Amino acid sequence: MDGKLHPWAVTPKQAAGIQMELRHFLDLTWDERAVDLVGGIDVSVVRDTARAAVVVLGFPDLRPRGSVTAEMKTPFPYVPGLLSFREGPVILAAWEKLDWKPDLVLFDGQGTAHPRGMGIAAHMGLWLDVPTIGVAKSRLCGVAMEPGPRRGAVADLLDEADPRRVLGAVVRTKDSTHPVFVSPGHRIDLAHAVEFTLRCVASHRLPEPIRWAHHVAGGGALAPAQPG
DNA sequence: GCGACAG
DNA sequence: ATCTTGTCGC
């Protein structure tokens, strides 16, 4: 899967159709590859301009190693379920600037826990051809079971139409704090997605790659300025 | 027709 | 997402 998968300049209806087609290409298996670098991607929007940030951290030390950004006019409105058509293009532009690609990437949004199984982490996983994980701060679809109150507790995110089907995981990344919604994007399974997500969490609710990406997308620096 | 609805 | 002060909890 490389090269252009589909056009981005489409109508909302066409976008949904593209998502339906793309789901057949997803590979939800983990190949046990070595992970030395983890990436984090996020996009901020000011006025009519979107800025994407791709940050790379060492794994499992989580030390920031580098970052790149890209900007462009937002090409698509925010429509629940079609987020990748709004943020995808600028993410691809930033990704092209990376010298070394991470072995795994965490996204701020859903993976397969999406109405058509194609959340932004799954969609971009196909474009980038790299393992991706969706870590969302809130639910898009499905019925969320309640995980225990302690960090590391996990519960199922079930398909509302078929409770036997697990869409993703509701993960407590920090004690007594609202859980996050984890689902595999591409080239990984749910169990490993949850495992890597927890291993990327330091002392905050969100994984470090996503926190750094959010910070850089908002205009911040990757690391504090060195004194002297 | 009425809610729900990633970022 | 973005607009925004003080406040509560770890």
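Predicted model, so just to flag it, every value in this text is computed and none were measured. Letters A, B, ... are given to chains in the order of the sequence lines, protein chains preceding strands, and every chain is numbered from 1.
Contact annotation for A/Lys137: backbone-only contact, meaning every heavy-atom pair under 4.0 Å involves sugar-phosphate atoms and none involves a base. Using a 4.0 Å heavy-atom distance criterion, A/Gly134 is classed as making no nucleic acid contact. At a threshold of 4.0 angstrom between heavy atoms, the contacts of A/Asp42 are confined to the sugar-phosphate backbone, with no base atom among them. A/Leu82 comes within 4.0 angstrom of a nucleotide base, judged by non-hydrogen atoms across all strands.
In this structure, A/Arg86 atom CZ and C/dT2 atom P are separated by 10 Å, rounded to whole Å. Between the CE atom of A/Met124 and the P atom of B/dA6 there is a distance of 19 Å, rounded to whole Å. Residue A/Arg51 contributes atom CZ, which lies 14 Å from atom C1' of C/dT2 at whole-angstrom precision. Rounded to an integer number of Å, the gap from A/Gln110 CD to B/dA6 C1' is 5 Å. A/Tyr78 places its OH atom 5 Å from the C1' atom of B/dG7, with the value rounded to the nearest Å. Spacing between atom CZ of A/Arg116 and atom P of B/dA6 amounts to 13 Å, rounded to whole angstrom units. For the pair A/Ile91 CD1 and B/dA6 P, the interatomic distance rounds to 17 Å; values are reported in whole Å. Counting to the nearest Å, the C1' atom of C/dA1 and the CZ atom of A/Arg47 are 15 Å from each other.
Side-chain contact between A/Leu37 and A/Arg65 is present, with at least one heavy-atom pair separated by less than 4.5 Å. Residues A/Pro184 and A/Asp189 form no side-chain contact, since every pair of their non-hydrogen atoms from C-beta on lies 4.5 Å or further apart.
Of the side-chain N and O atoms in A/Ser44, none sit less than 4.0 angstrom from OP1 or OP2 of B/dG7. Taking 4.0 angstrom as the limit, A/Arg139 places a side-chain polar atom (N or O) nearer than this to OP1 or OP2 of B/dC5.
Counting non-hydrogen atoms of other residues, nucleotides and ligands closer than 6.0 Å to CE of A/Met72 gives a total above 12.
At a cut-off of 3.5 Å, with distance as the only test, no side-chain donor of A/Trp127 or A/His186 sits close to an acceptor on the other residue.
Stacking between A/Phe181 and the base of B/dA6 is absent under the criterion of ring centres within 5.5 Å and planes under 30 degrees.
A residue-by-residue look at A/Lys174 and A/His214 shows that A/His214 has its nearest nucleotide of DNA chain C further toward the 5' end.
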Run the side-chain hydrogen bond (donor to acceptor under 3.5 Å, both in side chains) test on A/Thr74 and A/Asp48 for me, step by step, so that the C-alpha distance in whole Å, both residues' side-chain angles and the decisive distance to 0.1 Å come before the verdict.
CA-CA 6 Å; A/Thr74 56; A/Asp48 207 1; 2.9 Å; yes
